[in-house]
Amino acid sequence: FAHFSLKNCASSVTLALLDAANDRDPVVQEQVRKSILTLGNQQPDKVLSMCQDYLLKHPKLVVGHRVVILQTIELVVKSRTDDISYPKIKSVIQLASDEMTKSKEVVPEWQQAASNILVAVGNKYINDIMEEILGKFQPGVLPHFFVVQTLANLSDSNVYGMVPFLNAIMGTMLPMLGMTKQDNMKWVFSSALCRFSESILEYLANLDKAPDPTVRKDTFSSEIYSAYDILFNSWIQSRESKLRLTVAEALGSMSHLMAHDKLEEQLPKLLPTILGLYKKNSEHYIITKSLCQVLEASVNMGSRVLETQIDGLLLALHQQICSPVDFSNPPTVKNHNEVLRCFTILANTFPDRLMVFVLQRLENSNERNRMGSLAVLRHLINSSTSIMETKKLLILASIRQPLADHSNKVKKRVVQVISAMAHHGYLELEGGDLLVRFIIQHCALPDTYHRPPDPEEVTNEALRSMCDNTLHLFTTTVGRLTDVLWPMLLCYLTPNQYASATTPLCKSLILLANKKRAAQEASFIIDFNSLLSADLKHLLHFLQVNAAFPFRCRGHGAPSLSLLNALSPNIHPKAEPLWENEIPKLLSYLEVMMWIRYSLMIIVVQGVAMGIGLCASSHLNGTLEKLEEFGKSDAFRKASGIFGLLKDKNDVDVEKMKSTLILCYGYVALHAPEDQLLTRIDSDILQNISKNFNTKHSLSVCLHLFLCVCLSLIHSVGLIAKAVSQSVRKQGFLFSRKQELMGVMMNLVTFHNLGALVGRLAPRCTDPNPEVRRAAIDCIYRLMYIQLRYEGFSLDYKDDSVEGLLDVREKLSNPDHSVLYKTCSELTKIISKRLPQQQLSTLLFMLFDGLVDSQSNCSRASSVILNTLLKNRGAGLQDLVPEMLEVLHNRLQVIGEEQVKVAIGQSILILATQHLQTVVNTLVAYPLPYDSWSCEMWMALGADSTLALQIMEMIIEKLNVMVPYVDKKESMLRPGLTKVATSQPLAMTCALREMMLNGQSADAVAYVFPKLFSSLLVRLGSSVGVQLPKDLNNICVSLCCVFRVAVEALRILLGRAQLDAVVKPLDQEGAWDKMKDPQQHTTGVTLLSRAMAKHAGPRLPAIVEGLCPSLCNIYECQRITVTAFFSELLNHHVVTELMILDMLMNNMMERITDTCGTVRMLAVRGLGNIAVGSPEKVNKYAKELLAAMSSGMEEKDDPGKLITLEAMLLENSVLASMGFLLLYGFTQRSIVMFCQENDEIRCASIMLLGNLSKFGSGEPVFKDQIHNVLVSLLLHLSDPNPQVVKACKYSMRICAPIVGSEQISAMFQNHLLEEKGLHYGEFINDLTKYLTGFSFLMSFFLSSGLVMLLQDPDPLVRVKAAEAMGHFH
């Protein structure tokens, strides 16, 4: 009984979970899925059965719910395949197959989920899967899209199981290729052929592991070539970019399986075709990948034809390698690497031609061409060592040209090439010394004083740093260069042009000397007589002078002394013991001198402050005004008078000025007149001190300077306290800032630089040098105990968490990167636990600096530590969020390490998780157009689907209520108003666009798709004819066009929702351009609505619900857009199937009375569309349709008669259902419209009369109306518009029986055929003869018709009336 109860309980729980599987909250949904999986792992058969039953019992389950259950089945199958019974496997296969093919239309989420189940099962039960799938893959019948997709995915996931089936599959598939007309089927067949080819190649490459080792390449060659023929000669010419790329990718993989003679025959056509794709597609990676595969296949078979194509290949590949690489865009990086791989393949076959081609382009006048050639050269040196061996001297000779280049970008590439050459033995050859000299010359570059406007520009500082590092690498990692560099580098120490390179030169020489000395090499002792440029006496003097001026030339004093020590055995035998004893003391003395420099600065600061304080004793107001003015001034502008003393000779130490300014206020307070002081303390003195004391900024500059600022603050507060205590004895005073001041002072009493020190040391825990790692962790260990002393713990206290640092230290001895970063995380947890809150911000800003550390290990460690700290303690940093985001934005601009960039994205995500509103508000406020780094930050927020969902909903909510634009008068001289976009909605639309570009946002986009679509469609309508704000007008409009931003966001949304079938017809019909044009906007929206109705039906109910509120909006443009969208939806039966017809019809009826004529016209059009979309519903809405037609025909405010035209078209469309009801009220109205100037209205009114006659032939009143209008119809037979003439012929034939004459009726039927010509004069002449026999008709003609028409305003009508009357004889 207990077992029975538990079993029932488990079933009930599973059923409840299945009901909740489509919860609207993604977090809940994910948890439900996990819970069902947990149950499935315990009872796989039972849970799978319940999932199957649930789907079968709920055939109308919404797609999203169905998908979640299918995904759950997939997870259970993947995790417990071996434990599921065989009968259950069979039933799961059947269910998945049925779900996948139930709908003939492609519903990606649903069918992909079913397909994934089959792929998961196919990893073990491939024969059963193939039995089911091949049943739906029959010869002569085009299969379902996802049947082909499943076969492709199976070949990818189970190579050894699928390859034996592929010959038969391709045999069945080949005839299908010729039958395929739709692009999506061409795409899936191409994709499948690509996967099949890759699987076969993998199978053949691992025959030793394959179940059938007798399989050979030629088994598949015939079928592959037949498929190639169709793909190459037909499909690759498609206008659809996505299809072209997929076909190209398939051709690349297939080329390896083609027979050698066939491939050789095709190469002259295939290679130019692939190269031609570069111009047709913006995405180049797939093209280059395909080209690389074709080249590889050609080279492997020893192609002779390839040589005839080499010139075109080299030109195209060189153009690609010269394209800039966007490291934030992975496909461009992949393309760059694939292009280099192509060059490697060609180098193996055509080394001489390739080398001549590349080296010639080193002399090209175009900078990018030179950079591209250097990139290729560097790659070939590194990757094709054996081939390049014979080309070394040629390369050494050719590299001299770029050595003289003036561009720092080119020089950077030259340095990279030299670095590669150093590792492969080039620098030991003749001419290698020139390359070493080039590196040293650029170690001596001066600073760049002006930031270059080009963000890609390489500054002197960056190039100099790169050369410093390169020289260091030569010394430490290229062992073969030791004898090249020693003692040659000494020759570069004394010439004046290399003075700024002294520090890196000395450091390298010290390393070389120590290495040779430790190895006891004879070459350590230098023969100075053989060194032309290095006289020993001169060298000694030079190094000694450097030591005398230790802080010049990037601090060359200490390295010069250390080099003297290292060289001592070369100078004199007695110098060695003496210098080994004395030089370390001198080095220590230099450190002391550094502190003395800062102490002297403090003395100067105090002198200036005292002088200004004395001025305040008699001129308090003037002194405070001058101090405040100076505090607000540009810190780099020359100051005059006594304030000029606040700046040092370099004019850059802002922190020194702050320190001085703070102390000035203290002395001002001390010397101020007692009767004036208290009124100025809060507002003028303490407030300005507070502005200038900023902990994190000071720390980010220099720890020594921060200490100076702290000392100035402490001193100043003491002086203020003394002054206030004297003044309050004589008058009352409320010290309102006392608590704030006490808080600042208490913070200074703590170990105030702990955060700064830990921030500098922590990243060094992953330094490449193990000694540095140990030293760093030891320092942190001691710092933590110093902090504990500050907190009041005893000297012998042992803290468990701090002691854990000793275990961390041991783990850091492991050089493995993954271990180091994991250990860093443990280290951070300890730091986080012990670090006081007031030190946290300082530590974080130090770590931001660490992100750009020259050692990649350390920059990565900084990112690990930063993110761990933010996770643990970021919740309390709300006030710092904007500033932290700004620093991260700045760091992104200079970081080259991809892993660190990814980590910064994580930092932004963590901050957003804790302070969502602040992060969103801050990023939205960044200047438009967003630069690439701001875009990266928004994209990072799309990486977490839960967070992305929250942000998207927040933005949608704001977009729906914000003012999209304002009307402004452009000029006093020009009349009218201009629509100008408001900045915040524009920024939010940009933000949505960037977030959706992140593929990981797909789940969030899917969940909120209806709201997003509705919001962006309304936004698009609000952007037509809207200009950028003035502050953006000077920026390139293409970067930030109001309408373009909305369109891009909507396109990305459709793509992310896998609605390519919607986008494709819109692109083909130019819908986006039409939407942008105010005159064609509604046409473009109609095309969008039509595509959505055809390809996204299930999504429409929620979209319609989201759009309805905008119909009541005050903005006409929004009402027009939504009404146009709804109007076209009514043209499709899908709205009846989805039960949204009533909602749409009600909204259209409400819009009939809209204040905007365009909205009224669209509403009438929409009501007419029901006759096409849902004709069976016309009678249900007869009353509403009649009212709409009546209103439209009587419309007064309709200058272009567009509403009237739509009303007539509405009448025509609903005649079949409502003809008799329309007969009396609308016949006369349609007749009135015969004389309208608008061709379409004349045509519609005449057609309407003909259609009405079908229902009124027996009615006397209608007969009279036909007789009345006959003259007008006869006249319009010669209308200048051919469509009106056709309408006249049609109506007169239909009305002929009503005229009352068999002869006239027969004449109309025989002569008035739409496509047949008519001799108007003869026809009227003959007709007049018949009419004379009918006096009542003649009476109508003369009295009611022709006479009236003689008064018509149109001269042509009057002419024809007169002409007709002339036939009455």
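Worth knowing before you read on, the calculation uses all heavy atoms, side chains too, and leaves out hydrogens, waters and symmetry mates. Computed from a predicted structure; not experimentally measured.
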Quiz item: cation-pi between R1099 and F1009, 6.0 Å / 45°: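 Yes, a cation-pi geometry.
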Can you pull out every salt bridge (Lys or Arg N to Asp or Glu O under 4.0 Å) where at least one residue sits in [range]? Sequence neighbours excluded, please.
| range | value |
| --- | --- |
| residues 262-275 | none |
| residues 180-196 | D156-R195, D183-K1064 |
| residues 315-335 | none |

Counterpart residues, ring pair (Phe, Tyr, Trp, His ring centres under 6.0 Å), relative to [X] (two or more places apart):
| X | result |
| --- | --- |
| H1095 | none |
| F232 | Y228 |
| F145 | none |
| H284 | Y278 |

Flag side-chain contact, heavy atom, 4.5 Å: E1128 against T1082: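 E1128 does not reach T1082 side chain to side chain.
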Side chain proximity check, S103 to Q111, heavy atoms < 4.5 angstrom: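 The answer is yes; the side chains approach within 4.5 Å.
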Value rounded to 0.5 Å, distance of CE in M939 from CG in N329: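 Those atoms lie 8.0 Å apart.
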Suppose we screen for salt bridge (charged side-chain N to carboxylate O under 4.0 Å, His left out). Which residues come up paired with [X], at least two apart in sequence or across chains?
| X | answer |
| --- | --- |
| E198 | none |
| E296 | R341 |
| E307 | R353 |

Partners passing side-chain contact (heavy atoms from CB on, under 4.5 Å) against E249 (at least two apart in sequence or in another chain):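 In terms of side-chain contact (heavy atoms from CB on, under 4.5 Å), with neighbours along the sequence ignored, E249 is linked to C194, I286, K289.
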Candidates E1048, R993, M996 - the one meeting side chain to side chain contact (heavy atoms under 4.5 Å, CB included) with L1016: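 Looking at E1048, R993, M996, the match for L1016 under the side chain to side chain contact (heavy atoms under 4.5 Å, CB included) is M996.
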Side chain to side chain contact (heavy atoms under 4.5 Å, CB included) assessment of V148 paired with F189: CA-CA 7 Å; V148 184; F189 277 128; 3.7 Å; yes
E99 with K102: basic N within carboxylate O range, under 4.0 Å: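 Yes.
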Distance-only donor-acceptor check, side chains S1174 and T1136, under 3.5 Å: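 Yes - a donor-acceptor pair under 3.5 Å links their side chains.
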Contact list for residues 1014-1023, test side-chain hydrogen bond (donor to acceptor under 3.5 Å, both in side chains), sequence neighbours left out: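 Applying side-chain hydrogen bond (donor to acceptor under 3.5 Å, both in side chains) to every pair that reaches into residues 1014-1023, excluding sequence neighbours, yields N960-S1015, T989-R1019, S1022-Q1118.
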K217 atom NZ, over 12 foreign heavy atoms within 6.0 Å: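 Enclosed: over 12 neighbouring heavy atoms sit under 6.0 Å from NZ of K217.
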